[in-house]
J.: 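This is the structure I have questions about; it appears just below.
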Amino acid sequence: MNEVQAKCFIEALIFSAEEPLTKESMKKMLNDYGNFDLDSILEDLKKDYDDRGIILVELEKKYFFRTSSRLYDYLRVETKKTRNLSNAAMETLAIISYHQPVTRAEIEKIRGKPVFRGTLDSLLQLKWIKPSGRRETPGRPVTWVTDLEFLRHFGLKSIKDLPKVDELESIIL
Amino acid sequence: MNEVQAKCFIEALIFSAEEPLTKESMKKMLNDYGNFDLDSILEDLKKDYDDRGIILVELEKKYFFRTSSRLYDYLRVETKKTRNLSNAAMETLAIISYHQPVTRAEIEKIRGKPVFRGTLDSLLQLKWIKPSGRRETPGRPVTWVTDLEFLRHFGLKSIKDLPKVDELESIIL
Amino acid sequence: MQLNLNISGFEGPLDVLLDLSRKQKVDIKKISILELANQYLKFIDENLENLKLTADYLVMASLLAFLKSKLLIPDEKEEVEEIQEDLTMRLVHYNAIKKLSREIFELPQEGEDFFNIKIKNEFVISNRIVPKISLQDLILQYSEIFKKKKSIKMLAEENDLFNLEDGVKWLEEIYKIKEKYWLSLFTYLPKNILNERKKRSAIISLLQASLSKVNKGEILINQKYHFQPIMIKLK
């Protein structure tokens, strides 16, 4: 395999992967065919797709292709897929995204209402949230954080790109 | 929408479509944004992807992207993880490789220790050994021989290339 | 003011309070908790029949009733200042979260505004675990076996001791006769062995054979306490 083939190989690999690929997994697959500079291949690919209809995205060190944000106005699908996400789930997601890592009890306190298992389950199913270690308080409750798919779904680069709500700035949990 | 955007739009459209797209359906969607020469856009795109990891394919008047045929040799990807082989497995493998075809009882006799099923299973899983007929003695025990993957892993052309023990000893000493 | 709110539209007591406080048309931080308490209690009263009125609504009601009673007496106002402040902050917080949740869902979304791209996967990706072992390791291992064997042979005076295979043979003979029963392992040692070393090797080979058969899942083995008979049974 030569340099050009290696680049094509990585390009095709990212395109056809089920999930965003990490550098490590790409490196492992590339290693069978020789020694290549994966970093420069990825940089090259990013540049190649800079001004196209699709872009190569790096998110939490994982790589995948998506349509370019320059096309937001044109690609908007008319039949808006209304997600069956309940208000409870939407609020829970907002709380987790802003206050992560956060325990269920803390979410309940903010909402003034119990958070049902089903609410967390629907967010878990979407891979928008995941459990993340335990809080070292009595009972060692699980804490929740947002997952990669959450950022990916809303086209965010990092959790810092979330909309800013001024009132939240003054609040400490 | 300008010419460049129109090309990006079509590119993204084909990429994100569930199924191969016909020219008609693309034209319909493009018409909303102006008058563009779809044929030349598609020709352009085809050329753009000529030497990449994926190519734009036209099949029965439908368009879609697929992995480039230049990669066919590399589509089989194996990720390897190394781990240590147990002593028992190494001994068993060594005995099989030098005494094949050999029964389990014979291996046990050479080792002076029982050979557990798990040991054989781990070697079987690696495709390093395989069963090969039965010994025509009471109980008709299965005999074991080395498999193709064994030769491949150790870079041997045939089992006859396995160095003799005394040969090796003289090399070491 | 006529309210007539229906409970089913709300996400909980804080949601009701937020809605009521909006009707005061002031910054949440400046709302009158007394007025809010009155309206909330009225709301609860109107919806008391409703099954959706869960405990959390009633807990809030009792808190507000308590606040109200204190706020009505000027001297006791200060006592509840902290609770009042805390409630206001909770409303501010919850209001902000609701705003955030709306704004999140106003962001461009995958499947609506942009698409993640995946073409048909033509790669066959397999995960293989490969042991770290070289040809040298293999051959050394093999020569190792014979080194060991040689030294063992030199130590053993005469190779007339019983081995694993003998033990297996005895076990198999026993079960030809009594296959359904729990049997005491060592009652089946061959009789009339005079040589003490040979006797010991018989015990070892029988025990070794039974353990190897247990490992293969062919028999069950059981010993209640130390020095109790070792019992075996065909599986």
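As a basis for the values below, the full set of heavy atoms in this structure was taken, side chains included, without hydrogen atoms, waters or symmetry mates. No experiment lies behind these values; they were computed from the predicted model shown. Chain A is the first sequence line, chain B the second, and so forth, proteins listed ahead of strands; every chain is numbered from 1.
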J.: Looking only at heavy atoms, which of residues 23-31 of chain B get nearer than 4.5 Å to chain C?
T.: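 Within residues 23-31 of chain B, no residue comes under 4.5 Å from chain C.
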
J.: Name the member of C:E165, C:K120, C:Q208, C:K118 that forms the most heavy-atom pairs with chain B at distances under 4.5 Å.
T.: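 Greatest number of close heavy-atom pairs with chain B: C:E165.
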
J.: Go through the atoms of C:E122 and report whether side chain, backbone, both or neither lie under 4.5 Å from a heavy atom of chain B.
T.: both

J.: If I measure from the heavy atoms of chain C, does B:S97 come under 4.5 Å with its side chain, its backbone, both, or neither?
T.: side chain

J.: Take atom OH in C:Y181; do more than 12 heavy atoms of anything else shown fall under 6.0 Å from it?
T.: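 Result for OH/C:Y181: open.
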
J.: Given that the side chain runs from C-beta out, which part of B:F64 has a heavy atom under 4.5 Å from chain C: side chain, backbone, both or neither?
T.: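 Contact with chain C: none, neither part.
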
J.: As an exercise: rank C:N116, C:I133, C:N215 by heavy-atom pairs under 4.5 Å with chain B and give me the winner.
T.: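 Between C:N116, C:I133, C:N215, the count favours C:I133.
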
J.: For the NZ atom on B:K46, are there more than 12 heavy atoms of other groups (residues, nucleotides or ligands in this structure) within a distance under 6.0 Å?
T.: yes

J.: For C:K233, does the NZ atom sit with more than 12 other heavy atoms under 6.0 Å from it, leaving out its own atoms?
T.: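 Atom NZ in C:K233 is packed in, count exceeds 12.
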
J.: Using a 4.5 Å heavy-atom cutoff, which residues in residues 14-22 of chain B come close to chain C?
T.: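 Under the 4.5 Å heavy-atom cut-off, B:F15, B:S16 qualify.
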
J.: Hey, is CG on B:N2 packed in by over 12 heavy atoms from elsewhere, all under 6.0 Å?
T.: yes

J.: Between B:E108, B:H99, B:E149, which shows the greatest number of heavy-atom pairs under 4.5 Å with chain C?
T.: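 The answer is B:H99.
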
J.: What residue, out of B:R117, B:R66, B:Q125, B:R76, has the most heavy-atom pairs lying under 4.5 Å from chain C?
T.: B:R66

J.: What is the minimum heavy-atom distance between B:Y74 and C:F123, and which atoms define it?
T.: O-CE2, 4.0 Å

J.: So which residue, C:L164, C:I119, C:V168, C:L211, ends up with the most heavy-atom pairs under 4.5 Å with chain B?
T.: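 Looking at each of C:L164, C:I119, C:V168, C:L211 in turn, C:I119 comes out on top.
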
